[in-house]
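So the structure is just underneath, and the comments pick up after that.
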Amino acid sequence: FPGVRYVLRYDDPEIEKRKEIGIEAKRRWFGWGMPYYILGGTAYWQNEPVGIAVAADSEDIAREALRLVDIEWEELPFVLDQEEALMPSAPIARPDVSPDTNLWPPDPFKIPEVRQQGDVEKGFAESDKIIEFTGRRRDHLWAGPEPVSCLAEWKGDNLEIWVHHQHPYDVKLRLSEWFNIPISKIKVTTPYQGGMFGGWNWMVAMAHSLWVITAILAKRTGKPVKLRYSRKEEFYGESEDIMVSYFEVGAKNDGTITAVKIKTVQANVSFAGADHFADNTRIPNISFVVTKAYVNKGDSWSCRCEHNVN
C-alpha cells in the first residue's frame, strides 16, 4: 500500500514468544496477575491492542491501511460482572492467566484482604440499631488532558524516546530489557507533566507495550515513528475501585457507630482499601473481607482516587 513503511504482526518472531518484558514477567509490577501483551492475538477486553501495527508516512495513510486489513474474528465467551464471574457456570475470563477459575490469587503486596479489628459481634450486640445496605462503585475512566502518545527514533544503536510518563526511568528499564541494550544507550524525554491524575501517565505495565511497538517500528523503518491514540481509542480502561460492597452497620441512638462489617467483591483490582478504611476511622469494631475476580474489562489503574492517593 503506497506510503506504508512497515506492518508489524502479532506473530512476528520478535514479539510472539515475548508477551511481557523481563522484570514484568517475574513480578508483574502493579499489574500482578494480569499480563500485558506487546501485541497479542487475543483481545481479552474491549480496545486491547491486538493483531497488527502499521507505520506509514502519515496518520491518514496508516488509518486507511488498517481499514484494509482482513481480520477473521472468533468470539470467545466473556464475563463483565465480578459477582457473575465467581459463579460456577461463568466462562473463564483470562484462561491465559487462570485457566480454571476467575478468582484472583492472594495479594503479593501483602495488603490484607481480610481485616479484623475489635469484636464485630460484640459491637453489634451493643448497638441500638443495625442497618444493611449495598454500595456499588462502577467502572469510570481517568480523564487525561491528552491521549497517550510516544515518539521513538534510533541513532545507531542508541534509542531516543519521548513519552508523557511520571516514571522515566521505568521507561528506560523496560526498553533496556526488551532490546537488550544498556540503559545508558536510551534517552528518555518526558515533557512537563503538570498534575498527575492516573491513567496512562501512571501505568507502568500496559503503557510499555506501546513504547516497544513504537521503538520496533522505528528500528525497522529507520525512521522516527510516532504513536498517538485518538480520544476515542484512548477511551477505555477502568478505575481501581470497581466493586460491590455489602454493609452491616451497628450504631447507638446518639449516632455513635459501634461496628461495621463489609463484604466486597472487586474486579481486576490489586488494592482492596481495607487498610485505608481501618486506619482512618475511630470505629472500634471492623470486619472487612475482600474477594477479587478476573473479568473481561480493561486495565484498572489510579484515577485520582481516594484509596490510592497520588
For the hydrophobic clusters of this structure (ILVMFWY residues joined by side-chain heavy atoms under 4.5 Å, transitively), does one cluster hold both W73 and V69?
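Yes, W73 and V69 fall within the same hydrophobic cluster.
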Common cluster, L68/L8, ILVMFWY with side-chain heavy-atom separation under 4.5 Å:
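Different hydrophobic clusters.
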Beyond-backbone contact of [X] with [Y], side-chain heavy atoms, under 4.5 angstrom:
X	Y	result
V295	D81	no
F179	W154	yes
I130	V249	no
D100	I92	no
S230	R63	yes
Y44	D96	yes
W104	R94	no
T190	V171	no

Measure the spacing between [atom1] of [X] and [atom2] of [Y] and express it to the nearest 0.5 Å.
X	Y	atom1	atom2	answer
M87	N102	CE	CG	12.0 Å
K219	T214	NZ	OG1	14.5 Å
K252	K129	NZ	NZ	14.0 Å
L210	I38	CG	CD1	8.5 Å
F247	T264	CZ	OG1	6.0 Å
L159	K172	CG	NZ	10.0 Å

Considering all heavy atoms, the nearest [X]-[Y] contact:
X	Y	value
A62	A56	N-CB, 3.7 Å
I183	S176	CG2-CB, 3.5 Å
P284	I257	CD-O, 3.9 Å
A90	A85	CB-O, 3.5 Å
T221	L217	OG1-O, 2.7 Å
V163	P191	O-CD, 3.3 Å

Testing R137, Q266, Q82 one by one against I242 for a side-chain contact (heavy atoms from CB on, under 4.5 Å), which residue passes?
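The residue from R137, Q266, Q82 that satisfies side-chain contact (heavy atoms from CB on, under 4.5 Å) with I242 turns out to be Q82.
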May I ask you to say whether [X] pairs ionically with [Y], meaning some side-chain N is under 4.0 Å from a carboxylate O?
X	Y	value
R174	E177	no
E121	K261	yes
D11	R9	yes

Are more than 12 heavy atoms from other residues, nucleotides or ligands located less than 6.0 Å from atom [atom1] of [X]?
X	atom1	result
F124	CZ	yes
Y169	OH	no
R138	CZ	no

Side-chain donor or acceptor of N296 paired with backbone N/O of L80 under 3.5 Å
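Between the backbone of L80 and the side chain of N296 there is no qualifying donor-acceptor contact (under 3.5 Å).
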Ignoring hydrogens and angles, tell me if any N or O in the side chain of N285 forms a donor-acceptor pair with the backbone of T258 under 3.5 Å.
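Checking the backbone N and O of T258 against the side chain of N285, a donor-acceptor pair under 3.5 Å is found.
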Please test R220 against Y6 for side chain to side chain donor-acceptor pair (under 3.5 Å), starting from the C-alpha separation and ending with a verdict.
CA-CA 8 Å; R220 296 192 184 182; Y6 200 87; 2.8 Å; yes
Of K223, R5, K226, which is the lone residue that meets salt bridge (charged side-chain N to carboxylate O under 4.0 Å, His left out) with D57?
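Only match with D57 under salt bridge (charged side-chain N to carboxylate O under 4.0 Å, His left out): R5.
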Where do L76 and T42 land on the side-chain contact (heavy atoms from CB on, under 4.5 Å) test, with the steps shown first?
CA-CA 9 Å; L76 302 175; T42 301; 3.9 Å; yes
Show, in sequence, the C-alpha distance, side-chain angles and deciding distance for V289 and I262, and conclude whether the side-chain contact (heavy atoms from CB on, under 4.5 Å) test is met.
CA-CA 6 Å; V289 179; I262 308 173; over 6 Å; no
Start with the C-alpha gap between I52 and L66, add the side-chain angles, then the distance that decides, and say whether side-chain contact (heavy atoms from CB on, under 4.5 Å) holds.
CA-CA 8 Å; I52 68 169; L66 286 172; 3.9 Å; yes
Given S287, which partner from the list E248, Q116, Q117 fulfils the side-chain hydrogen bond (donor to acceptor under 3.5 Å, both in side chains) test?
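Option passing the side-chain hydrogen bond (donor to acceptor under 3.5 Å, both in side chains) with S287: Q116.
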Could you walk me through whether T256 and D254 pass the side chain to side chain donor-acceptor pair (under 3.5 Å) check?
CA-CA 6 Å; T256 302; D254 63 1; 3.0 Å; yes
